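So the structure is just underneath, and the comments pick up after that.
Small disclaimer: the values here were computed from a predicted structure and weren't measured.
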Amino acid sequence: MAENNKKILNLRKVSLMQGSVGLVLLLIGILLQIVIRPAFHLEKTIYDLGSIIAIIGGFILLKAIFGLIQSIKRNREMVYTKEHIKQLLMNNAIFMVLGILIIGIIFIRPDFMQMKVVWNVLSQASTKLILALGVCFTLLIAGTDLSAGRMVGLSAVISASMLQTMSYSGRFFPDMGLPPLIWPILLAILACMAFGLLNGFLVAKFDMHPFIATLAVQVMVYGVVSLYFDMPPNNSQPLGGFREDFLAIGQKIPGTDISRLIPIAMLVTLIVWFILNKTNFGKNIYAIGGNREAAVVSGVNVFRTILVIFVLAGALYGIAGVLEAARTAGATNNYGLGYELDAIAACVVGGVSLNGGVGTVAGIISGVLIFQVIQVGLQFIGISPMWQQIIKGVIIAVAVAIDMAKYKRK
């Protein structure tokens, strides 16, 4: 009887079905935006809904093409049962809730369907995505990193303090000239990498739990950046008056609504995806997170891998801090407060297991975007920030509950 409930689908057929859905959405979006909207003067009714649908359809189509290529290589079959379908629905429950929430927001405020809102969401999510990608390295080995947010502040303050205009009255270094843009940025990233190395050393050398090790380093980093920030003549005054070439990093590409942060985040994401999926180092990360003892037996240098993980994570925190300072045109020693918790939450919602060894870059992107859409959408309809925190907390609790249920089942 159990066999009668099974449905066997070739991966190629699944990809073709996904591609068909994506193509239909792409064509509907183009038709809606280019033909129907101007013909019936619906600019203030559906806004850029057609463009948004076309973009979603394009992504689904690209994903299907990638899946088709993989199915041709592997020539595998997928067996679906009622249990598989139930599991699929449970894994995507948060995305369904997000879809319902977006529909509700659109019903209240139709102008939410504008491309400039989409670009705004992506712009604000860019630095958070880079930070989450750094945290995901530590989560994949069943660890965490509580120092991530403070390293964002460290990077922001170091880079900003050296990239002020000569005419600004409150210069951090009054007698310093104008260094090339790249040097303060590199110095900020290297400072974060140094603290990342300390994190990795504490975890790898003394087998210290990452929660405790990174908590200790978090306190150290905040102390260091506060001492630096309090140096005379600044004396803990918020940093401002930045050079145009630095501010340009966080501004829009001329003639568009697209922030420069978006392509930067895309490039970093591609690099991280390549590291995790196409290198031996990436395979070692998953091996350590899945079973450390087995990884040691198979010849993985756990000490070196953990060191590199935390150093690489520190570099990503440093990049996020520089971009955040450029985006907000300011910096203080309190920058990045609580950012690490949002990054961890986004990773978990995106499917990165707290038990290690499980997680994808695509999932992390989804997790970051879910929280950003919720934040922007609820602000759009005037929901109280307190309610926003409650909704975010519920989503985190549900995501962790699903993760633990999957872990117990395994």
Review point. CG/Leu49 to CD1/Ile106 distance, rounded to the nearest 0.5 angstrom?
Key: 6.5 Å
Review point. Roughly how far, to the nearest 0.5 Å, is OG of Ser161 from CG of Asn234?
Key: 8.5 Å
**Study point:** Side-chain heavy-atom pair Asn235, Phe229 within 4.5 angstrom cut-off
**Key:** no
Check your understanding: Is a donor on one side and an acceptor on the other found under 3.5 Å between the side chain of Gln33 and the backbone of Gly50?
Key -> yes
Point to revise | Test log, rule side chain to side chain contact (heavy atoms under 4.5 Å, CB included), inputs Tyr339 and Lys128 | key: CA-CA 8 Å; Tyr339 279 26; Lys128 295 177 182 178; 5.9 Å; no
Point to revise | Over all atoms of both residues, closest heavy-atom pair of Cys192 and Gly318 | key: SG-CA, 3.7 Å
Exercise for review: In sequence, state the C-alpha distance, the side-chain angles, and the governing distance for Phe172 and Tyr228, and then conclude on ring pair (Phe, Tyr, Trp, His ring centres under 6.0 Å).
Suggested key: CA-CA 10 Å; Phe172 196 94; Tyr228 181 82; 4.9 Å; yes
Check your understanding: Quick check: does any side chain N or O of Ser366 sit under 3.5 Å from a backbone N or O of Ala362, one acting as donor and the other as acceptor?
Key -> yes
Exercise for review: Report yes if some heavy atom in the side chain of Asp145 is under 4.5 Å from a heavy atom in the side chain of Tyr317; otherwise report no.
Suggested key: yes
Point to revise | Sidechain-backbone polar pair: Thr138 side chain, Val135 backbone, donor-acceptor under 3.5 Å | key: yes
Practice item. Give a yes or no on whether the backbone of Val121 and the side-chain of Gln372 come within a donor-acceptor separation of less than 3.5 Å. Key: no
Check your understanding: Does the side chain of Arg243 reach to within under 4.5 Å of the side chain of Gln164, using non-hydrogen atoms?
Key -> no
Practice item. Kindly give the heavy-atom pair with the smallest separation between Leu131 and Ala148, and that separation in Å. Key: CD1-CB, 3.9 Å
Check your understanding: Which heavy-atom pair separates Ile285 from Ile141 by the least distance, and what is that distance?
Key -> O-CG2, 3.8 Å
Practice item. Rounded to the nearest 0.5 Å, what's the gap from CG on Leu307 to CG on Asn301? Could you check? Key: 9.0 Å
Check your understanding: Would Phe206 and Phe201 count as a close aromatic pair, with their ring centres under 6.0 Å?
Key -> yes
Point to revise | Met266 atom CE, over 12 foreign heavy atoms within 6.0 Å | key: no
Review point. Looking at Lys252 and Asp257, does any basic side-chain N land under 4.0 Å from a carboxylate oxygen?
Key: yes
Exercise for review: Using a 4.5 Å cut-off on heavy atoms from C-beta on, say whether the side chain of Val358 contacts that of Tyr286.
Suggested key: no
Check your understanding: Can you tell me how far CD1 of Ile65 sits from CD of Gln18, rounded to the nearest 0.5 angstrom?
Key -> 11.5 Å
**Study point:** Backbone N/O of Met386 and side chain of Gln389: donor-acceptor pair under 3.5 Å
**Key:** no
Review point. In Å and rounded to the nearest 0.5 Å, what is the CE to CG distance from Met220 to Leu198?
Key: 5.5 Å
**Study point:** Pair Phe107 and Phe112, ring centroids less than 6.0 Å apart
**Key:** no
Exercise for review: Run the numbers on Leu312 and Ile275 for side chain to side chain contact (heavy atoms under 4.5 Å, CB included), then give the verdict.
Suggested key: CA-CA 11 Å; Leu312 184 56; Ile275 291 172; 4.0 Å; yes
**Study point:** Any donor-acceptor pair under 3.5 Å from Ser159 side chain to Ala156 backbone
**Key:** yes
Check your understanding: Do the side chains of Glu324 and Tyr335 get nearer than 4.5 Å, heavy atoms only?
Key -> yes
Check your understanding: With distance as the sole test, does Arg150 use its side chain to make a donor-acceptor pair with the main-chain N or O of Gly338 at under 3.5 Å?
Key -> no
Point to revise | Asp111 and Lys44: CA distance, side-chain angles, deciding distance, salt bridge (charged side-chain N to carboxylate O under 4.0 Å, His left out) verdict | key: CA-CA 8 Å; Asp111 53 337; Lys44 297 298 182 182; over 6 Å; no
Practice item. Kindly say whether Met151 contributes a backbone atom to a donor-acceptor pair with the side chain of Ser155 at under 3.5 angstrom? Key: no
Practice item. Take atom CZ of Arg304 as the centre, draw a 6.0 Å sphere, and report whether it contains more than 12 heavy atoms from other residues, nucleotides or ligands. Key: no
Point to revise | salt_bridge(Arg37, Asp48) N-O dist < 4.0 Å | key: yes
Review point. Does Phe59 CZ have over 12 foreign heavy atoms under 6.0 Å away?
Key: no
**Study point:** Residues Ile309, Leu140; criterion side chain to side chain contact (heavy atoms under 4.5 Å, CB included); working and verdict
**Key:** CA-CA 10 Å; Ile309 283 171; Leu140 286 173; over 6 Å; no
**Study point:** Min side-chain heavy-atom separation Ile374-Leu101 under 4.5 Å
**Key:** yes
Exercise for review: Decide yes or no for Ile319 and Leu323: does some side-chain heavy atom of the first lie under 4.5 Å from some side-chain heavy atom of the second?
Suggested key: yes
Check your understanding: With a 4.5 Å heavy-atom cut-off, do Leu122 and Leu369 have their side chains touching?
Key -> yes
Exercise for review: Quick one: sort the Trp273 and Phe66 rings into parallel, tilted or perpendicular, breaks at 30° and 60°.
Suggested key: perpendicular
Review point. So, for Ala329 and Leu247, which heavy atoms are closest and what is the spacing to 0.1 Å?
Key: CB-CD2, 3.7 Å
Point to revise | Any donor-acceptor pair under 3.5 Å from Ser298 side chain to Ala294 backbone | key: yes
Revision key, fill the gap. Result for side-chain contact (heavy atoms from CB on, under 4.5 Å) between Val272 and one of Leu129, Leu267, Ile130, Val361 points to Val361
Point to revise | Audit row: Leu337, Tyr222, side chain to side chain contact (heavy atoms under 4.5 Å, CB included) steps and yes/no | key: CA-CA 10 Å; Leu337 176 63; Tyr222 183 59; over 6 Å; no
**Study point:** Spacing of CG belonging to Leu181 relative to CG belonging to Leu163, to within rounding of 0.5 Å
**Key:** 6.0 Å
Practice item. Please report the shortest heavy-atom distance between Phe242 and Ala325, naming the atom on each side. Key: CE1-O, 4.0 Å
Check your understanding: Is there a donor-acceptor contact under 3.5 Å from the side chain of Gln237 to the main chain of Gly170?
Key -> no
Practice item. Of all the heavy-atom pairs spanning Gly19 and Leu61, show the shortest one and how long it is. Key: O-CD1, 3.5 Å
Practice item. Could you walk me through whether Thr214 and Asn199 pass the side-chain hydrogen bond (donor to acceptor under 3.5 Å, both in side chains) test, one step at a time? Key: CA-CA 6 Å; Thr214 59; Asn199 274 329; 5.3 Å; no
